Each structure stands twice: as structure tokens, then as C-alpha cells.
Amino acid sequence: MTPDKFIPFWDALTERDRKLISENLQTGTKPGSGFFSSMRSMQGGLIFLLKGHIRIFLSSNEGREITLVTMNPSDIFLVHPGDATHFRKGQLRYETSEDCEYAFLPKSIMTTVMAHCPEAMEFVLNVEELLLRMLADSVSYAAFVTVRGNLARTLLEKSALKGTVRLTHEELANELGTTRVVISRELKKLEEFGLVRLGRGEIEILYREGLVELAQ
């Protein structure tokens with residue numbers, strides 16, 4: 001996929017800056033599911049997700065996890081230079097659930113382009129603002145909403161397209177920073193309430209409005 005297909009400010013760039021981006025844009029694929037190890041070499045810049053999904057989460061030294069952002073196709077993530085390092089209590093990690101394709105624009109190139117193009121500057125600021133809102137959302141849910149409410153919100157988000165969620169109890173526990181036992185118990189309650197139907201490796205959503213009430 002060429003840069004003009006996924007860089008929103010492409011038309012506002014000079015020919016010189018278009019050439020600079022084209023020559024320095026890093027593209028790649030990540031087959032299957034697993035940790036996105038190549039992120040460690042991305043020391044600051046913009047990630048354009050072209051295909052697939054990426055979960056960005058904090059992993060503690062004790063093995064606990066909490067999801068911060070989930071990237072979907074056409075989403076953009078701003079990687080800061082410190083993102084690949086350890087935090088005081090853990091590490092920021094990236095994980096894919098399926099084949100994905102991405103493009104990465106290094107910070108040095110982005111800075112040069114922003115100096116010439118106000119539209120590029122505005123775009124990056126908007127991405128940063130959106131990510132801060134998403135992070136604040138995740139933190140507020142983790143801190144102030146019950147596990148059941150968080151689970152309801154996650155099920156709603158994951159089932160938006162197909163009406164089902166294909167995640168194991170362990171994977172849901174990792175998403176929400178809790179344990180598989182807790183998730184299994186909460187899912188059983190949701191099934192007893194008639195909100196979901198539990199199957200092997202699949203959760204069918206039966207009553208979205210009820211989940212919406214729990215998630216609020």
C-alpha cells in the first residue's frame with residue numbers, strides 16, 4: 001500500500017517531503033499471533049496499522065496485565081522513545097491476535113515534515129490528544145468501574161461487528177488485568193442474567209442493552 005493511501009496529510013506535503021517519507025517509511029508484516037518484538041527497534045515515531053489488530057498493554061514483573069489501547073485497521077499510534085523500555089513496575093508491550101501489516105515513520109522524519117507542513121503538525125497533535133483520551137478512559141475504567149462493568153464494556157467492543165467474541169477466559173483476564181477464575185465467575189453470572197451464551201472458545205451476545213447498562 002502506498003503512503004498516499006493511509007497518510008491523511010499527504011496531499012498537503014511538498015514533493016520533497018513526499019520523497020523523504022517514501023524513502024524512510026518502514027513497512028512490514030507480523031504473521032499470526034504473538035508479541036510484536038520489532039516494536040523494540042521503533043524508538044519514537046508513528047505506527048500506521050494497515051491490517052490486523054494490535055493490543056498495547058502494560059505487563060508487570062509479576063505477570064499481571066492491563067490493556068491500554070487496542071489498535072484496529074487504519075488506526076495510528078504514537079510511539080515515544082521510551083516506550084520500549086521498562087517502567088518502574090513493568091513493561092509496555094505489543095501483541096497481535098492475527099496477521100497484521102503496518103507502516104512506521106521514524107520521529108526524525110516526522111519532525112522534519114512537521115516543520116514544513118502545518119497539516120502534519122495538526123495531525124500529530126490530534127493523534128496524541130486521541131491517545132491520551134483513550135488512555136484516560138482505560139485508567140478510569142480500571143480504577144472506578146467493577147470487573148463486571150469492565151467485562152461488559154470489553155464484550156460490547158469485541159462483538160461490535162460479529163455479535164460474538166472469540167476469546168478465552170484467560171485472554172479476557174489479561175485484557176482486564178484480573179484472573180481467569182474471576183472472569184469465569186463473572187461470565188457465568190452474565191449467562192445466568194441472559195446477557196450472553198457461553199460456548200467453546202466463543203461468547204455469543206444475547207442482550208446488548210443489558211451489557212450497556214452494566215458498562216455505564
Side-chain angles (χ1 to χ4, degrees), residues 28-39 47-60 62-77 90-102 130-131 133-135 137-216:
T29 60
K30 167 65 175 66
S33 60
F35 291 117
F36 209 131
S37 59
S38 59
M39 291 292 187
I47 298 173
F48 300 84
L49 186 61
L50 309 178
K51 176 185 176 184
H53 303 273
I54 298 177
R55 180 171 75 102
I56 303 169
F57 62 99
L58 275 175
S59 176
S60 74
E62 297 78 30
R64 294 186 60 193
E65 299 177 1
I66 182 168
T67 299
L68 300 177
V69 177
T70 300
M71 291 185 68
N72 298 307
S74 79
D75 282 351
I76 299 150
F77 188 74
Q91 185 179 18
L92 189 65
R93 309 189 76 172
Y94 303 76
E95 184 180 49
T96 60
S97 58
E98 58 185 72
D99 294 353
C100 74
E101 297 177 8
Y102 65 91
L130 177 60
L131 287 172
R133 276 201 230 120
M134 292 170 70
L135 290 172
D137 232 18
S138 296
V139 170
S140 65
Y141 262 94
F144 306 125
V145 179
T146 64
V147 172
R148 188 171 298 172
N150 270 311
L151 178 58
R153 177 180 70 115
T154 301
L155 293 176
L156 287 168
E157 291 175 352
K158 300 292 185 184
S159 64
L161 296 178
K162 298 182 179 180
T164 58
V165 177
R166 297 189 64 83
L167 288 175
T168 66
H169 295 193
E170 185 74 29
E171 289 169 331
L172 282 169
N174 289 339
E175 285 263 347
L176 301 176
T178 185
T179 66
R180 183 185 60 78
V181 173
V182 170
I183 291 299
S184 296
R185 183 179 66 232
E186 292 298 329
L187 283 172
K188 194 64 180 174
K189 285 291 184 183
L190 296 183
E191 187 174 48
E192 290 174 2
F193 295 156
L195 304 180
V196 303
R197 178 182 293 118
L198 304 181
R200 189 174 183 81
E202 184 176 273
I203 303 165
E204 182 183 356
I205 307 304
L206 300 179
Y207 185 46
R208 296 190 70 84
E209 289 77 7
L211 291 176
V212 170
E213 288 184 16
L214 286 177
Q216 292 175 344

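Not measured: the values here are computed from a predicted model. Count residues from 1 along the sequence.
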N72 meets the side-chain contact (heavy atoms from CB on, under 4.5 Å) criterion, sequence neighbours left out, with H53, T70, D75
Going by the rule side chain to side chain donor-acceptor pair (under 3.5 Å), which residues pair with E170 if we only count those two or more places apart in sequence or in a different chain?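 Residues passing side chain to side chain donor-acceptor pair (under 3.5 Å) with E170: none at all.
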Derivation and outcome, salt bridge (charged side-chain N to carboxylate O under 4.0 Å, His left out), residues E191 and K188: CA-CA 5 Å; E191 187 174 48; K188 194 64 180 174; 3.4 Å; yes
Can you name the closest pair of heavy atoms from [X] and [Y] and give their distance?
{"X": "G52", "Y": "C100", "value": "CA-CB, 3.9 Å"}
{"X": "I203", "Y": "L167", "value": "CD1-O, 4.4 Å"}
{"X": "V196", "Y": "L211", "value": "CG1-CD1, 4.4 Å"}

Can you tell me how far the [atom1] atom of [X] sits from the [atom2] atom of [Y], to the nearest 0.5 Å?
{"X": "F48", "Y": "E101", "atom1": "CZ", "atom2": "CD", "answer": "15.0 Å"}
{"X": "L206", "Y": "T164", "atom1": "CG", "atom2": "OG1", "answer": "11.5 Å"}
{"X": "L151", "Y": "R185", "atom1": "CG", "atom2": "CZ", "answer": "11.5 Å"}

Is any side-chain heavy atom of L155 less than 4.5 Å from a side-chain heavy atom of L190? yes
If we only count heavy atoms from C-beta on, is the D99 to T29 side-chain gap below 4.5 Å?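 A side-chain contact under 4.5 Å is absent here.
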Let me see the working for L195 and L214 under side chain to side chain contact (heavy atoms under 4.5 Å, CB included), right down to the final yes or no. CA-CA 10 Å; L195 304 180; L214 286 177; 3.6 Å; yes
Should R153 and E157 be marked as a salt bridge (charged side-chain N to carboxylate O under 4.0 Å, His left out) after you check the CA-CA gap, both sets of side-chain angles, and the distance that decides it? CA-CA 6 Å; R153 177 180 70 115; E157 291 175 352; 3.7 Å; yes
For residues 201-216, the salt bridge (Lys or Arg N to Asp or Glu O under 4.0 Å) pairs (sequence neighbours left out) are R166-E202, R197-E204
Verdict with supporting geometry, K30 and Y94, side chain to side chain contact (heavy atoms under 4.5 Å, CB included): CA-CA 12 Å; K30 167 65 175 66; Y94 303 76; over 6 Å; no
